[in-house]
Number of protein chains: 2
Amino acid sequence: MGETYGSESLLFLTDEQIRQGIEAMYFAYRGLTSEPDRILGNLAYGRAHHRAIHFINRAPGTTVTNLLEILGVTKQSLNRVLRTLIEDGLVESRVGKIDKRERNLFLTETGTALEARLSDAQRTRMRSAYRDAGPEAVAGFRKVLESMMDTELRRKYASLRETKS
Amino acid sequence: MGETYGSESLLFLTDEQIRQGIEAMYFAYRGLTSEPDRILGNLAYGRAHHRAIHFINRAPGTTVTNLLEILGVTKQSLNRVLRTLIEDGLVESRVGKIDKRERNLFLTETGTALEARLSDAQRTRMRSAYRDAGPEAVAGFRKVLESMMDTELRRKYASLRETKS
DNA sequence: ACATTATGTCAGCCTTGTTGACACTCCAAG
DNA sequence: CTTGGAGTGTCAACAAGGCTGACATAATGT
């Protein structure tokens, strides 16, 4: 109780409250991915395809290595997903101009269309949650999430956001 | 623009901001699960085992059907996980007293120990994010997350929380 | 008696992670 | 210039953990 301001503001964090926060993350994350998963299921794709499409859309022309760092999977795993997306004409892979070892990835028109469909579903849910909770809650939400990320990952995330304002 | 108060308070929600919120959820969720995943990997378990252990700890004596509803997987999938946990002596399955068709699930001492180890890792990260962000941010965080969950899922979540205050 | 419910199990499939092996490209040191 | 190492991407094979479908068993309720 009678402590400094700093530790007083920590006292509200009981184990139980923290636990509830963790569970809330779990359920909310599921809520956010359920609709895209449903759409993807009908197309014989999975969440991995969504992630690839999402980040290629976000940073057009990105390389495979770039994508690997952001997604945190092995290149073999990513490659399988990319291969099907390329075969199906959703993603285009161009040999790098400066360095021919690299592949620059782009969404095709079809790919962009699917991306829009998937992110619309998520944005609708997110937007409605934001609306329910109000602007101040949203600010807090973002603040906590950013603290929860890996420092390293946040760096990559930030560099991603630079490419498209 | 010159609209009602209600729609003015929606204008801060640009597509780009929403998109960033979605990405933040993705990265934060990964941050939250990375450490438990690492621990589980060394024990030949996966995230599915963690989920089962978590919710059995949360609601000791819960039934298989209950767990199925909360986790949203098929009984075949859950059963595979439960079987290994029971074989390894982390979970105990007792025939129901009132309804002998049911199985009541409990963590053994070993199971409780692993649960503590896993949730300690998560709580540490969560607590530090909470501390960084401050009390008001945490309130907003919780508010947004709760809006993001499925209504149906929130009901189950609430009934779970009733069992342990 | 009979239908329903709760659970468990077998078989087989898909997605998506993993490792290992390998090929191609680039660059720098000899 | 060549050669060796580092970087990048691809192919093959395997494991975890989702899924569906079919079926067995036991307990319950009508």
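Within every chain, numbering begins at 1; the chains are lettered A, B, ... in the order of the sequence lines, protein sequences first and strands thereafter.
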- Could you check which residues of residues 90-102 of chain B get a heavy atom under 4.0 Å from DNA chain D? Sort them by number, please. Ile98(B), Asp99(B), Lys100(B), Arg101(B)
- Salt bridge between Lys143(B) and Asp132(A), side-chain N to carboxylate O under 4.0 Å? no
- Query: Taking Arg125(B) for the side chain and Met148(A) for the main chain, is one N or O donor matched with an acceptor at less than 3.5 Å?
  - Reply: yes
- Flag, side chain of Ser93(B) to backbone of Arg103(B), donor-acceptor distance under 3.5 Å: no
- Query: With a 4.0 Å cut-off, would you call Asp120(A) and Arg123(A) a salt bridge?
  - Reply: yes
- Query: Which residues within residues 72-83 of chain A lie with some heavy atom under 4.0 Å of an atom in DNA chain D?
  - Reply: Lys75(A), Gln76(A), Asn79(A), Arg83(A)
- Query: Does a salt bridge link Arg83(B) with Glu87(B), judged by any charged N lying under 4.0 Å from a carboxylate O?
  - Reply: no
- Can you pull the contact range of chain B along DNA chain D, 5' to 3', using atoms under 4.0 angstrom from its heavy atoms? dG17(D) to dT28(D)
- Item | side-chain hydrogen bond (donor to acceptor under 3.5 Å, both in side chains) partners for Arg19(A), two or more places apart | Glu115(B)
- Note on the structure: Distance col, row His54(B):NE2 vs Leu107(B):CG, nearest 0.5 angstrom, shows 11.0 Å
- Task: Determine, for Arg58(A) against Glu16(B), whether the closest basic-nitrogen to carboxylate-oxygen distance falls under 4.0 angstrom.
- Result: yes
- Item | Of all pairs that satisfy side-chain hydrogen bond (donor to acceptor under 3.5 Å, both in side chains), the ones with a partner from residues 68-78 of chain A, not counting sequence neighbours | none
- Note on the structure: Closest heavy-atom pair, Glu35(B) versus Ala121(B), reported as atoms and distance to 0.1 Å, is CG-CB, 3.4 Å
- Item | Residue-level proximity of residues 43-52 of chain A to DNA chain C when a heavy atom falls under 4.0 Å | Ala44(A), Gly46(A), Arg47(A), Ala48(A), His49(A), Arg51(A)
- What pair of heavy atoms forms the shortest contact from Ile70(B) to Tyr26(A), and how long is it? O-OH, 4.5 Å
- Would you say the side-chain atoms of Asp88(B) pair up with the backbone N or O of Leu90(B), donor to acceptor, closer than 3.5 Å? no
